[in-house]
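Remarks on the structure that follows.
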Amino acid sequence: MLLPTTLLRHTPGRGSPPGQDAPHYDWLMVNPRHGGDARAGLWTARVATPWDEWPQRGRVTFTPLPPHRRRYLDWQGTLAGERGWVVRAARGQVQPHRWTDQRIWLTLHTEGQTLDLRLERVGTHWLGVCT
């Protein structure tokens, strides 16, 4: 099963929460645990680096965000409340192998790249190991 995923580059604006003033990436993907429900929110996390840098880093930290609406898989533009703007940095598909509240193992297929990614919940963050 291949599911859509998008990496958005988020440039924060004046209305962004404190401590979130640096550009970063928001990773969004369909959660396979929702059984294809189009109304269900996307699994979403903030990350400092784009997909193509994950293999060199080996370990990547993800900060969970509230589920986003599916429209953000294709959406780009200015965010309400002066929270800045987003542009699509990359898109692809994920093939989930394991998905629990504490662990996610998936294969990420992007433009010209395939990554094996294992995420583990550590406190308030996800720690990802990428190969």
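Owing to the predicted nature of the structure, the values given are computational and were not obtained by experimental measurement.
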Taking side chain as C-beta onward, heavy atoms only, is Gln113 less than 4.5 Å from Pro55?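 Yes, side chains in contact.
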
Would you name the heavy atoms of [X] and [Y] that are closest together and state the gap between them?
X: Pro50; Y: Leu7; value: CA-CD2, 3.7 Å
X: Pro67; Y: Gly41; value: CB-CA, 3.8 Å
X: His34; Y: Ala40; value: ND1-CB, 3.2 Å
X: Ala45; Y: Phe62; value: CB-CB, 3.9 Å
X: Val47; Y: Thr61; value: CG2-O, 3.8 Å
X: Leu42; Y: Arg69; value: CD1-O, 3.4 Å

Between [atom1] on residue [X] and [atom2] on residue [Y], distance to nearest 0.5 Å:
X: Glu120; Y: Thr100; atom1: CD; atom2: OG1; answer: 9.0 Å
X: Leu106; Y: Leu115; atom1: CG; atom2: CG; answer: 9.5 Å
X: Ile104; Y: Arg121; atom1: CD1; atom2: CZ; answer: 9.0 Å
X: Arg98; Y: Leu119; atom1: CZ; atom2: CG; answer: 12.5 Å
X: Leu2; Y: His109; atom1: CG; atom2: NE2; answer: 5.5 Å
X: Trp51; Y: Thr5; atom1: CH2; atom2: OG1; answer: 4.5 Å

Kindly determine whether Thr6 and Gln76 satisfy side chain to side chain contact (heavy atoms under 4.5 Å, CB included), including the steps that lead there. CA-CA 11 Å; Thr6 298; Gln76 301 182 87; over 6 Å; no

Hey, does the side chain of [X] reach the backbone of [Y] with a donor-acceptor pair shorter than 3.5 angstrom?
X: Thr107; Y: Asp116; value: no
X: His10; Y: Arg83; value: yes
X: Arg88; Y: Asp74; value: yes

In terms of hydrophobic clustering (I, L, V, M, F, W, Y; side-chain heavy atoms under 4.5 Å; direct or indirect links), are [X] and [Y] co-clustered?
X: Trp43; Y: Trp75; answer: yes
X: Trp126; Y: Leu3; answer: yes
X: Tyr72; Y: Leu65; answer: no
X: Trp105; Y: Val30; answer: no
X: Val60; Y: Val122; answer: no

Determine whether Glu111 and Arg91 satisfy the following criterion, side chain to side chain contact (heavy atoms under 4.5 Å, CB included), listing intermediate values before the conclusion. CA-CA 7 Å; Glu111 298 101 2; Arg91 66 177 357 161; 3.5 Å; yes

Side chain to side chain donor-acceptor pair (under 3.5 Å) between Arg9 and Thr11, intermediate numbers included: CA-CA 7 Å; Arg9 186 171 191 286; Thr11 302; 3.2 Å; yes

Ring centroid separation for Trp54 and Trp27, is it under 6.0 angstrom?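 Ring-ring flag for Trp54/Trp27: true, centres closer than 6.0 Å.
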
Does Arg39 have more than 12 heavy atoms from other residues, nucleotides or ligands lying within 6.0 Å of its CZ?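 12 or below, so no.
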
